[in-house]
J.: 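Could you have a look at this structure, given as structure tokens, before my questions?
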Amino acid sequence: MITGASRGFGKASARALAQRDWDLIIDARTEADLSRSAEELRALGTGTVTAIPGDIADLHHVAALSTAAADTDRLDLLVNNASVLGPSPQPPLDVYPIDVLRQVLEVNLIGPLRLIQTTIPLLRQTKGTIINVTSDAAVEGYEGWGGYGSSKAALEQISNVLAAEEPSVKVYWFDPGDMNTRMHQEAYPGEDISDRPDPAERVPALLALIDGSHPSGRYAASDLLVTM
């Protein structure tokens with residue numbers, strides 16, 4: 001299961017797994033974009049692709065994703081990739097809209113935790129893997145990144161505690177690094193970010209976690225790629 005799979009790193013990750021014939025459950029907020037992504041993925045391999053449009057902050061949408069997984073009676077991998085940036089350009093904390101911060105936390109923190117809570121029984125059965133996509137903004141003090149960064153910092157600590165509580169499940173909080181994505185462009189409106197890597201260039205690091213025997217923990221793509 002990969003959330004936010006209609007573009008960017010989520011779509012690139014789904015493409016890699018589709019080429020390996022994985023059965024996929026994917027979501028995204030925009031139905032048309034998700035449908036196009038699903039059709040592309042189905043053409044890459046023999047696995048099934050179940051596309052469920054919706055917002056991860058919506059309780060009913062999370063229930064639909066969980067039901068789809070339960071219907072297959074198996075879940076080996078959950079990639080919590082869907083997230084929102086917040087305002088663009090990003091404001092400093094002294095004027096950051098609190099109502100917007102609540103929404104950022106709902107999408108980047110509460111939604112992923114709710115999805116984990118509803119799918120963990122299946123993941124325990126398969127001794128599966130949870131990958132929560134994070135950012136260096138969770139650990140660095142970048143001006144203007146207080147809202148997004150705090151949501152990812154909280155996601156990292158939830159991942160850290162979950163790893164201690166669920167020894168039968170691998171839990172990774174994974175920082176893919178800067179990429180040439182729409183979200184990254186929104187963070188830097190009017191700037192040229194074409195020098196950033198394509199998301200597909202960071203996918204081998206994700207596959208290294210899926211394929212390898214790394215203990216639960218925080219990993220950065222830049223570190224994993226050096227060792228490959």
J.: Taking the side chain as everything from C-beta on, heavy atoms only, tell me whether Thr129 gets closer than 4.5 Å to Asp76.
T.: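 No - every pair of side-chain heavy atoms lies 4.5 Å or more apart.
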J.: To the nearest 0.5 angstrom, please state how far the CZ atom of Arg15 sits from the CD1 atom of Ile2.
T.: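 Those atoms lie 12.0 Å apart.
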J.: Considering only NZ, NE, NH1 and NH2 on the basic side and carboxylate oxygens on the acidic side, decide whether Arg29 and Asp58 come within less than 4.0 Å.
T.: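 Salt bridge between Arg29 and Asp58, a charged N being under 4.0 Å from a carboxylate O: no.
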J.: For side chain to side chain contact (heavy atoms under 4.5 Å, CB included), just list the numbers for Ser135 and Tyr148, CA-CA rounded to whole Å, side-chain angles, deciding distance to a tenth of an Å, and then say yes or no.
T.: CA-CA 9 Å; Ser135 165; Tyr148 179 84; 3.8 Å; yes
J.: Considering non-hydrogen atoms only, spot the tightest contact between Ile56 and Val62 and give its length.
T.: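 Distance-wise, the nearest heavy atoms are O-CG2, 3.4 Å.
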J.: Output, in order, the C-alpha distance, side-chain angles, deciding distance and verdict of side-chain hydrogen bond (donor to acceptor under 3.5 Å, both in side chains) for Thr46 and Asp21.
T.: CA-CA 5 Å; Thr46 60; Asp21 299 324; 3.2 Å; yes
J.: Short question: side chain of Asp27, backbone of Ala51 - any donor-acceptor pair under 3.5 Å?
T.: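 The answer is no, because no donor-acceptor pair under 3.5 Å joins these two groups.
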J.: Please give me the minimum heavy-atom distance between Met179 and Pro199, naming the atom from each residue.
T.: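 Result for this residue pair: SD-CA, 3.7 Å.
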J.: Grab the two heavy atoms, one from Val107 and one from Ala57, that are nearest each other, plus how far apart they are.
T.: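 So the minimum-distance heavy-atom pair works out to CG2-CB, 3.9 Å.
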J.: Please assess Val139 against Glu156 for the test side chain to side chain contact (heavy atoms under 4.5 Å, CB included), listing each intermediate value before the final yes or no.
T.: CA-CA 9 Å; Val139 295; Glu156 290 204 7; 3.9 Å; yes
J.: According to a 4.5 Å side-chain heavy-atom criterion applied to Ile, Leu, Val, Met, Phe, Trp and Tyr, with indirect links allowed, do Ile52 and Leu41 form part of one hydrophobic cluster?
T.: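 No.
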J.: Would the distance check show the side chain of Gln185 and the main-chain N or O of Glu191 forming a donor-acceptor pair, the cut-off being under 3.5 Å?
T.: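 Yes: the side chain of Gln185 pairs with the backbone of Glu191.
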J.: Please examine the side chains of Thr50 and Ile26, heavy atoms only from C-beta on, and report whether any two atoms are closer than 4.5 Å.
T.: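 No, too far: nothing below the 4.5 Å cut-off.
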J.: Looking only at heavy atoms, which two atoms of Ala14 and Leu24 are closest? And how far apart?
T.: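 Reported closest heavy-atom pair: O-CD1, 3.6 Å.
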J.: Looking at Val49, is its backbone amide N or carbonyl O close enough to the side chain of Arg42 to form a donor-acceptor pair, meaning the two atoms are under 3.5 Å apart?
T.: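 Present.
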J.: Let me see the working for Asn132 and Asn80 under side-chain hydrogen bond (donor to acceptor under 3.5 Å, both in side chains), right down to the final yes or no.
T.: CA-CA 5 Å; Asn132 292 325; Asn80 275 312; 2.9 Å; yes
J.: Using the rule that two of Ile, Leu, Val, Met, Phe, Trp, Tyr join whenever any of their side-chain heavy atoms come within less than 4.5 Å, decide whether Leu93 and Trp145 are in one cluster.
T.: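 In one cluster with Leu93: Trp145, no.
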J.: Which distance, rounded to the nearest 0.5 Å, do you find between the CG of Asp178 and the OG of Ser222?
T.: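 If we round to the nearest 0.5 Å, Asp178:CG and Ser222:OG are 10.0 Å apart.
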J.: Please confirm whether Arg196 makes a cation-pi placement over Tyr188, using NZ or CZ under 6.0 Å from the six-membered ring centre and within 45° of the ring normal.
T.: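 Pair Arg196/Tyr188 counts as cation-pi.
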J.: Taking the side chain as C-beta and beyond, is there a heavy-atom pair between Leu78 and Ile131 under 4.5 Å?
T.: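 Side chain of Leu78 against side chain of Ile131, heavy atoms only: no contact under 4.5 Å found.
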J.: I would like to know whether Val226 and Leu224 meet side chain to side chain contact (heavy atoms under 4.5 Å, CB included); could you show each step before the answer?
T.: CA-CA 5 Å; Val226 166; Leu224 290 167; over 6 Å; no
J.: So, taking the atom named CD1 in Ile120 and the one named CG in Leu162, what distance separates them when rounded to the nearest 0.5 Å?
T.: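 That separation rounds to 5.5 Å.
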J.: Tell me whether Asn81 contacts the main-chain N or O of Thr3 through its side chain, where contact means a donor paired with an acceptor under 3.5 Å.
T.: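 Checked: pair present.
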J.: Under 3.5 Å, is there a donor-acceptor pair between the side chain of Thr30 and the main chain of Ala32?
T.: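 No; judged by distance alone, with no hydrogens or angles, the pair does not exist.
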J.: Quick one: does Gln103's side chain get under 4.5 Å of Asp55's, heavy atoms only?
T.: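 Yes - at least one pair of side-chain heavy atoms lies under 4.5 Å apart.
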J.: Report yes if some heavy atom in the side chain of Thr119 is under 4.5 Å from a heavy atom in the side chain of Leu115; otherwise report no.
T.: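 A side-chain contact exists here, since the closest heavy-atom pair is under 4.5 Å.
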J.: At their closest point, which heavy atom of Glu106 faces which heavy atom of Pro112, and how far apart are they?
T.: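 Glu106 and Pro112 have their closest heavy atoms at O-CD, 4.5 Å.
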J.: So, taking the atom named NZ in Lys170 and the one named OG in Ser216, what distance separates them when rounded to the nearest 0.5 Å?
T.: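 Output value for this atom pair is 6.5 Å.
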J.: State which residue, out of Pro97, Ser150, Ser151, Ser83, fulfils the side chain to side chain contact (heavy atoms under 4.5 Å, CB included) condition with Val104.
T.: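 Exactly one candidate clears the test, Ser151.
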J.: Taking all non-hydrogen atoms of both residues, which atom of Ala187 and which atom of Gln90 are closest, and how far apart?
T.: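 Shortest heavy-atom separation between Ala187 and Gln90 comes out as CB-NE2, 4.3 Å.
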J.: I need the Met1 CE to Thr72 OG1 distance, nearest 0.5 Å.
T.: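 Between Met1 CE and Thr72 OG1, I get 8.0 Å after rounding to 0.5 Å.
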J.: Kindly indicate whether the side chain of Leu206, heavy atoms from C-beta on, has any atom under 4.5 Å from the side chain of Tyr219.
T.: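 Not touching, per the 4.5 Å side-chain cut-off.
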J.: Taking Ser88 for the side chain and Glu186 for the main chain, is one N or O donor matched with an acceptor at less than 3.5 Å?
T.: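 Yes.
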J.: Verify side chain to side chain contact (heavy atoms under 4.5 Å, CB included) between Leu77 and Val79, making sure each step is shown before the conclusion.
T.: CA-CA 7 Å; Leu77 174 67; Val79 180; 3.8 Å; yes
J.: Using a strict threshold of under 4.0 Å (side-chain N to carboxylate O), is an ion pair present between Asp33 and Arg36?
T.: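 Salt bridge flag = yes for Asp33 with Arg36.
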J.: Are Trp173 and Leu155 close enough that some pair of their side-chain heavy atoms sits under 4.5 Å apart?
T.: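 Side-chain contact under 4.5 Å: no.
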J.: Give a yes or no answer on whether the side chain of Thr134 reaches the backbone of Phe174 with a donor-acceptor pair at less than 3.5 Å.
T.: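 Checked: no pair found.
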J.: Between Thr181 (side chain) and His184 (backbone), is there a donor-acceptor pair under 3.5 Å?
T.: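 The answer is yes, because a donor-acceptor pair under 3.5 Å joins these two groups.
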J.: Is the shortest side-chain heavy-atom distance between Leu122 and Arg74 below 4.5 Å?
T.: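 They are not in contact (no side-chain heavy atoms under 4.5 Å apart), so the answer is no.
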J.: Backbone N or O of Val133 within a donor-acceptor pair of the Lys152 side chain at under 3.5 Å?
T.: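 Here the side-chain-to-backbone pair exists.
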